[in-house]
Number of protein chains: 2
Amino acid sequence: MVTLADVAKHAGVSSSTVSYVLSGKRTISEETRRRVEQAVAELGYHPNARARALAARRSYIIALVVPLRPESHDPTTMEIATSVTIAARQYGYDVLLITNDEGPEGVRRVASSGLADGVILMDVEPDDQRIPVLRELGTQAALIGLPDEPGGLSSVDHDFAAAGGLCADHLADLGHREVAFISHPRHTAHALGGFRDRARRRGLRFVHRASEGTYGGVAGTFARILADRPDTTAFVVQNEGAIGPLLTLLRGSGRTVPEDASVIAVGPGRLADQHTPRLTVVSGPDQELGRVAVEQLLRRLTAAARGEQPVDEQVLLTPVLTVGESTGPKGWDGKS
Amino acid sequence: MVTLADVAKHAGVSSSTVSYVLSGKRTISEETRRRVEQAVAELGYHPNARARALAARRSYIIALVVPLRPESHDPTTMEIATSVTIAARQYGYDVLLITNDEGPEGVRRVASSGLADGVILMDVEPDDQRIPVLRELGTQAALIGLPDEPGGLSSVDHDFAAAGGLCADHLADLGHREVAFISHPRHTAHALGGFRDRARRRGLRFVHRASEGTYGGVAGTFARILADRPDTTAFVVQNEGAIGPLLTLLRGSGRTVPEDASVIAVGPGRLADQHTPRLTVVSGPDQELGRVAVEQLLRRLTAAARGEQPVDEQVLLTPVLTVGESTGPKGWDGKS
DNA sequence: TTGTACGCGTTATCAA
DNA sequence: TTGATAACGCGTACAA
């Protein structure tokens, strides 16, 4: 292995000079810089990350805690993990993958051992058990999702309230008056609040039902909705698995989309093309989530390295309404 | 930060003794072990991973190179990445995520800097450009996928030839005589060879067509197949995106599955439940892929650490045929 | 503009 | 069974 000392000897300078040439933290004469660079090239020197991490008290590694078990396959998670990794690389950081089956102790492990400089937590829940560990260790962190108590942390999430508002506005604009909101039974329907507020203001009547993302579950929910509110003409769905069944059920009940019933999905943009007809979707930028979290964390790290107090940031990313072919005016006959 | 020296002082022993108590590489008297362990507990000592990595010349980190861009969403990749991470943890290793957009230089970076002890490469192609880098640096590696030249490497992949054989056998058993094999245009149809051999032996006639995984692409392929071989009664599909369109086209042409046409998918097991009717699928164990790769790599690492020559292993994982409702006897009328 | 020398926290060799 | 002590390779305060 070629070391800094080897390079120094080869270039006829001291090892600290080589170090400074590489880090750029000192002004170096043109002559020595050239000699050092040549020595680096000739010897094929690569700085040793382990020694660097020890001496600099920084590993340039951030830990990403993902909510994954091997049998789950949520593409969004992977998208975010990838965007975190790519963003981190652009700032010279690498990403260590921690699966959440290690629990809060996984966070403690990477933070207290100094393996990672900071942590990004995905799928943060309101009373997340990993957060006390971060506080206890004083670990710098950025969260994807909203914590109960944001003190000492930065976080980023989709602005689901705005997403709900977009749904209500779009349907109201199209003349709908009776809407059903279908959510996931075990996830908070973050978009519901925003939807409710805007729906009220726009004079929309609506019911909210949580439903499993299975055909049977959606069938039951669908039947109840139609029994309670037979005049329902539009559906907002914040439950990826429920969309396919809902579309099938609408067809099965003789309703054409969007002529007889409109459907909006709240979720990843890719949903649009996975169904027929192409869906109207309200989606947030998943990749931005990763990038913003990385930038938040790195700002905290540089602040802490300077002895400053890191700034707590809470960012909400604005969602976008993409109009597809699953929404149309109430009572639309297909001929505009 | 609590260091080894702090613990040593607190316990009234030398720091090397503490180190040996923790590593278990020396026999320690019951008395001192107790004192040291108590000191560790009282001070809340956590070994420093950076210093350990430098002194031990091992980081206990393996790099996983994933073929991911932020907009791609292949659940299989994530499944493998997760299983690699979990398997690695069981052996005391952590996983560094490297995206393939760094190219071969990403491999060079983590290996030559000593950041990682070894590398796992996903989606290895026959003439993969990352492999020369591994050879040049003498980096220990395990590959998921089959390299052209396996010398100095370990690798694991699905036994696609066996998968093809299972398809041919299943269809032949059901009495089919004319089969179409639909593959992906830009991926090697690894299952084709095995399918061909077994098809010949079983007296199956078949055509092979590559097709895009789009509705339009599959429609063209489908039409050509029926034009060339109107008596085709079964389809083997090794192209995830082509399955949905194919099923739709079969229905559209008045064919009922499986009464008039049988369909087998070669791919991830989860495909079975994503279609109607539930698919007959030949799939390999994706999670095993990750686990085996980790174990191969760690065997190489321990061998190399002992100064021994690591053993090159090539493992093929046996696929399984799961019979669903998309295959049936040729000319089946639905009433058995 | 450059060099010296110490420290980072462990591991591992050599003695005792 | 235990203790000194020299690496490990780099960063940086201090000195020149």
Side-chain angles (χ1 to χ4, degrees), chain A residues 1-37 39-40 43-61 92 110-117 305-307, chain B residues 1-37 39-40 43-61 92 110-117 305-307:
Chain A
M1 163 177 268
V2 184
T3 73
L4 206 67
D6 297 331
V7 175
K9 208 172 300 169
H10 194 87
V13 298
S14 79
S15 56
S16 72
T17 298
V18 177
S19 176
Y20 283 118
V21 168
L22 265 45
S23 70
K25 291 186 178 176
R26 232 188 206 180
T27 46
I28 303 284
S29 74
E30 198 44 53
E31 166 64 7
T32 45
R33 145 160 296 120
R34 206 190 43 69
R35 295 235 306 281
V36 168
E37 281 169 352
V40 165
L43 299 180
Y45 167 75
H46 292 276
N48 183 298
R50 298 166 189 177
R52 188 205 290 278
L54 179 59
R57 294 176 178 74
R58 280 199 165 205
S59 63
Y60 293 93
I61 290 176
V110 293
S112 64
S113 69
L115 232 190
D117 295 335
R306 289 183 190 146
Chain B
M1 162 177 268
V2 183
T3 73
L4 206 67
D6 296 332
V7 175
K9 207 172 299 170
H10 194 87
V13 298
S14 79
S15 56
S16 68
T17 298
V18 177
S19 176
Y20 282 117
V21 168
L22 265 44
S23 69
K25 292 185 178 176
R26 229 186 209 182
T27 46
I28 302 283
S29 74
E30 197 45 54
E31 164 64 8
T32 47
R33 145 161 297 122
R34 206 189 44 68
R35 294 234 307 280
V36 167
E37 281 168 352
V40 165
L43 299 180
Y45 167 74
H46 292 275
N48 183 298
R50 299 166 190 176
R52 188 206 289 280
L54 178 59
R57 296 178 179 73
R58 279 200 166 204
S59 63
Y60 292 93
I61 290 176
V110 294
S112 63
S113 70
L115 232 189
D117 295 335
R306 289 183 190 143

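Each chain gets a letter, A, B and so on, in the order its sequence line appears, and its residues count up from 1. Just so it is clear, the values below take in all heavy atoms, side chains as well, and ignore hydrogens, waters and symmetry mates.
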Next on the checklist: With nearest nucleotide decided by heavy atoms, which residue, Arg57(B) or Thr32(B), maps closer to the 5′ end of DNA chain D?
Outcome noted: Thr32(B)

Once you apply a heavy-atom cut-off of 4.0 Å, does [X] come out as touching a base, just sugar-phosphate, or nothing?
X        : answer
Ser29(B) : sugar-phosphate
Ser23(A) : nothing
Ser19(A) : base
Thr3(B)  : sugar-phosphate

Which residues pass the salt bridge (charged side-chain N to carboxylate O under 4.0 Å, His left out) test with [X], not counting sequence neighbours?
X        : answer
Arg58(A) : none
Arg50(B) : Asp117(A)
Arg34(B) : Glu31(B)
Arg33(A) : Glu37(A)

Next on the checklist: Can you pull out every side chain to side chain donor-acceptor pair (under 3.5 Å) where at least one residue sits in residues 6-17 of chain A? Sequence neighbours excluded, please.
Outcome noted: Thr3(A)-Asp6(A), His10(A)-Glu42(A), Ser14(A)-Ser16(A), Ser14(A)-Thr17(A)

Minimum heavy-atom separation for [X] and [Y], please, with both atom names.
X        : Y        : value
Arg52(B) : Pro47(B) : NH2-CB, 3.3 Å
Val18(B) : Val13(B) : CG2-CG2, 3.8 Å
Gly44(B) : Val2(B)  : O-CG2, 4.3 Å

Item to check | Under the side-chain hydrogen bond (donor to acceptor under 3.5 Å, both in side chains) test, residues paired with Ser113(B) that sit two or more places apart | outcome: none

Item to check | Partners meeting side-chain hydrogen bond (donor to acceptor under 3.5 Å, both in side chains) with Ser19(B) (sequence neighbours left out) | outcome: none

Checklist entry - Does anything in residues 43-56 of chain A reach DNA chain C, meaning a heavy atom under 4.0 Å, and if so which residues? => result Leu54(A), Ala55(A)

Checklist outcome for this item: Rounding to the nearest 10°, end axes of the helix from dT1(C)-dA16(D) to dA16(C)-dT1(D) built from five pairs each make an angle of 40°

Checklist entry - Do Leu115(A) and Ile61(B) come close enough that some side-chain heavy atom pair is under 4.5 Å? => result yes

Next on the checklist: Within the structure provided, determine whether Leu22(B) and Leu4(B) are in side-chain contact (heavy-atom separation under 4.5 Å).
Outcome noted: yes

Item to check | Span of DNA chain D in contact with chain B (heavy atoms, under 4.0 Å) | outcome: dT1(D) to dG9(D)

Checklist entry - With Tyr60(A), which residues qualify under ring-ring contact (aromatic ring centres under 6.0 Å, His included), at least two apart? => result Tyr93(A)

Checklist outcome for this item: Footprint ends on DNA chain C, 5' to 3', for atoms under 4.0 angstrom from a heavy atom of chain B, come out as dG9(C) to dC14(C)

